[in-house]
Asker: 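Provided herewith is a single structure, encoded as structure tokens, for subsequent inquiry.
Chain letters run A, B, ... following the sequence lines, proteins first and then strands; every chain starts at 1.
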There are 2 protein chains.
Amino acid sequence: MPQTGRPRAFDAEAALDRAVEVFWRQGYEGASLTDLTNAMGINKPSLYAAYGNKEGLFRKVVARYADVEMAYARDALTQATAYEVAAAMLRANVVALTRPDRPAGCLSIQGGTACSTENAGIAAFLAASRLAGEQALAERFARAVEEHDLPEGADPVALARFVSIVTEGQAVHAAAGVTRAQLEQAAEIALHAFAAAAYPDRPVSSTGR
Amino acid sequence: MPQTGRPRAFDAEAALDRAVEVFWRQGYEGASLTDLTNAMGINKPSLYAAYGNKEGLFRKVVARYADVEMAYARDALTQATAYEVAAAMLRANVVALTRPDRPAGCLSIQGGTACSTENAGIAAFLAASRLAGEQALAERFARAVEEHDLPEGADPVALARFVSIVTEGQAVHAAAGVTRAQLEQAAEIALHAFAAAAYPDRPVSSTGR
DNA sequence: TTGCTTTTGTACCGAGCGGTACGGAACTCC
DNA sequence: GGAGTTCCGTACCGCTCGGTACAAAAGCAA
């Protein structure tokens, strides 16, 4: 595989990271190619050669975002118990949504929940990727039932949906400028709910961190 | 105030309702003037004469949406107890998000959580209007503390924030196509959490409706 | 009928959109 | 030092965007 020709003058992965921020802040439709190329430090033909087109770039951006910024979600799944999984997920999510060196909120929602008809696929793609994360969580909770960590009556799918809904609400709230401390407070309430719903027969201790 | 001149040939309020649907489905930036005028059955000069410009139309659309589609939220505030307020809010929200004759989700989020830099004001406007609803809820819960409905230690602001976060997460989920029954299940879990957080000393009964 | 006022439809505006043609520049292989 | 290959920068494409000029149409008052 002979690699000849003029070498690329930019770091494709670093440029992708710049694009992540632009889409994160402005959404798919709100980010113009000019915004993107300016932030990435390249011009349009380079962008098209390296990433295909705007949609191709966006999909690579989402993949990169999932790799880098959503690592906490995969880590959370490795916790020992369902409760710890939920706790890690909710708490780390709040931290990720409010990092001072990142745009507030999450790309998966900021990218676009509604689009023009011609870009409807973008919103659907993002929705599907969110639901995939929810399903992974549901599978982890199902394992917890098998392991008798969660009681037999627990509904792994419903629990995962609840956790996922809270993380999405947190993301919307974070994008509106709500502070990390305020979101953490809400995460603890949600976690309390998770415990009550997951272990319905067990008495619930008082709320609080 | 003499009303002379050629009379308007369309119902401005009915046309506004058509515009609500377009912005609800496609978001502010995803809805073009062509999309809007086609749906409203008018042409551009009529739109500009009646509503100012695209942003003016959008603000009128949001106001109309708040009047018509968010009535349930104001109704919920009139419930007798904080718990009933939260229950009415969460349950009615699910119904509103999944009406078969309406776009899925809510305009306040579908309208745009992220926008191009020149339309950043739109996202901020929507965020502010959501937070205003949350504040109304917080005031209702504060009243509940005064009335000794909620215990003295309860935090009305945090409770309102939690409820608000769940409704927003539900909206994102609904827009992704999650069914009403699935959202209702999550609402009940959240409601359970609300009870535990609002009445921390009281024992919690098992989950379920 | 004659003004006067307002709305309507058409046709158009400058600007920005996503995307590309093309020539020169920078590299490897022979 | 070509020859071949790939990338970079400029300049441009057709199209759609939000917004408007203008004249005909439709109402009122006199």
Asker: Does a side-chain heavy-atom distance below 4.5 Å link A:Q185 with B:F162?
Answerer: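 No; the side chains remain at least 4.5 Å from each other.
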Asker: Donor-acceptor check, side chain of A:Q170 to backbone of A:N93, threshold 3.5 angstrom: yes or no?
Answerer: no
Asker: Nearest whole angstrom, please: distance from the C1' of D:dC15 to the CG of A:L33.
Answerer: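 From A:L33 CG to D:dC15 C1': 14 Å.
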Asker: Just wondering, are more than 12 heavy atoms of other shown residues or ligands nearer than 6.0 Å to CZ in A:R64?
Answerer: yes
Asker: Using a heavy-atom cut-off of 4.0 Å across all strands, would you classify B:A9 as base, sugar-phosphate, or nothing?
Answerer: sugar-phosphate
Asker: Could you tell me whether the side chain of B:R6 has a donor or acceptor atom within less than 3.5 Å of a complementary atom in the base of C:dT7?
Answerer: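 Donor-acceptor pair under 3.5 Å: yes.
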Asker: Indicate, with a heavy-atom threshold strictly under 4.0 Å, whether A:A31 touches base, sugar-phosphate, or nothing.
Answerer: sugar-phosphate
Asker: Where the side chain of A:Y83 meets the backbone of A:D149, is there a donor-acceptor pair that is under 3.5 Å apart?
Answerer: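 No; judged by distance alone, with no hydrogens or angles, the pair does not exist.
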Asker: Does a side-chain N or O from B:N43 land closer than 4.0 Å to OP1 or OP2 of C:dT8, or not?
Answerer: no
Asker: Rounded off to whole Å, could you give me the CZ-to-P distance for the B:F10 and C:dT6 pair?
Answerer: 15 Å
Asker: Kindly say whether A:S108 contributes a backbone atom to a donor-acceptor pair with the side chain of A:R130 at under 3.5 angstrom?
Answerer: yes
Asker: Can any side-chain N or O of B:D155 pair as donor or acceptor with the backbone N or O of B:V157 at less than 3.5 Å?
Answerer: yes
Asker: Using atom OH of A:Y48 as one end and atom P of D:dC13 as the other, report the distance to the nearest whole Å.
Answerer: 17 Å
Asker: Report the distance from atom OH of B:Y51 to atom C1' of C:dT8, rounded to the nearest whole Å.
Answerer: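 Distance check: B:Y51 OH to C:dT8 C1' gives 15 Å.
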Asker: A cation-pi test, strictly: NZ or CZ of B:K54 under 6.0 Å from the centre of the six-membered ring of B:F23 and no more than 45 degrees from its axis. Yes or no?
Answerer: no
Asker: What is the separation between atom CG on B:N53 and atom P on D:dT20, rounded to the nearest whole Å?
Answerer: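 My rounded result for the distance is 8 Å.
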Asker: Among C:dG18, D:dC7, C:dT10, which nucleotide sits nearest the side chain of A:R8?
Answerer: D:dC7
Asker: Can you tell me the distance, in whole Å, between the NZ atom of A:K54 and the C1' atom of D:dT16?
Answerer: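 Rounded to the whole Å, the gap is 13 Å.
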Asker: Side chain of A:P7 only, heavy atoms from C-beta on: which candidate in D:dG18, D:dG9, C:dC27 is closest?
Answerer: C:dC27
Asker: Taking CG from B:D11 and P from C:dT7, how many angstroms apart are they, rounded to a whole number?
Answerer: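 Spelled out: CG on B:D11 to P on C:dT7 is 15 Å.
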Asker: Taking the side chain of A:T4 as heavy atoms from C-beta outward, which of C:dC27, C:dG19, C:dT8 is closest to it?
Answerer: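 Nearest to the side chain of A:T4 among the choices is C:dC27.
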Asker: Dump every N/O contact between nucleotides 11-16 of chain C and the protein below 3.5 Å, one line per pair.
Answerer:
none

Asker: Under 4.0 Å between a side-chain N or O of B:S46 and OP1 or OP2 of C:dT7?
Answerer: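 The answer is no; no side-chain N or O of B:S46 sits under 4.0 Å from OP1 or OP2.
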Asker: Calculate the interatomic distance between B:M40 atom CE and C:dT7 atom P; express it in whole Å.
Answerer: 15 Å
Asker: Please tell me which of A:E55 and B:G41 maps to the more 5' nucleotide of DNA chain C, matching each residue to the nucleotide holding its nearest heavy atom.
Answerer: B:G41
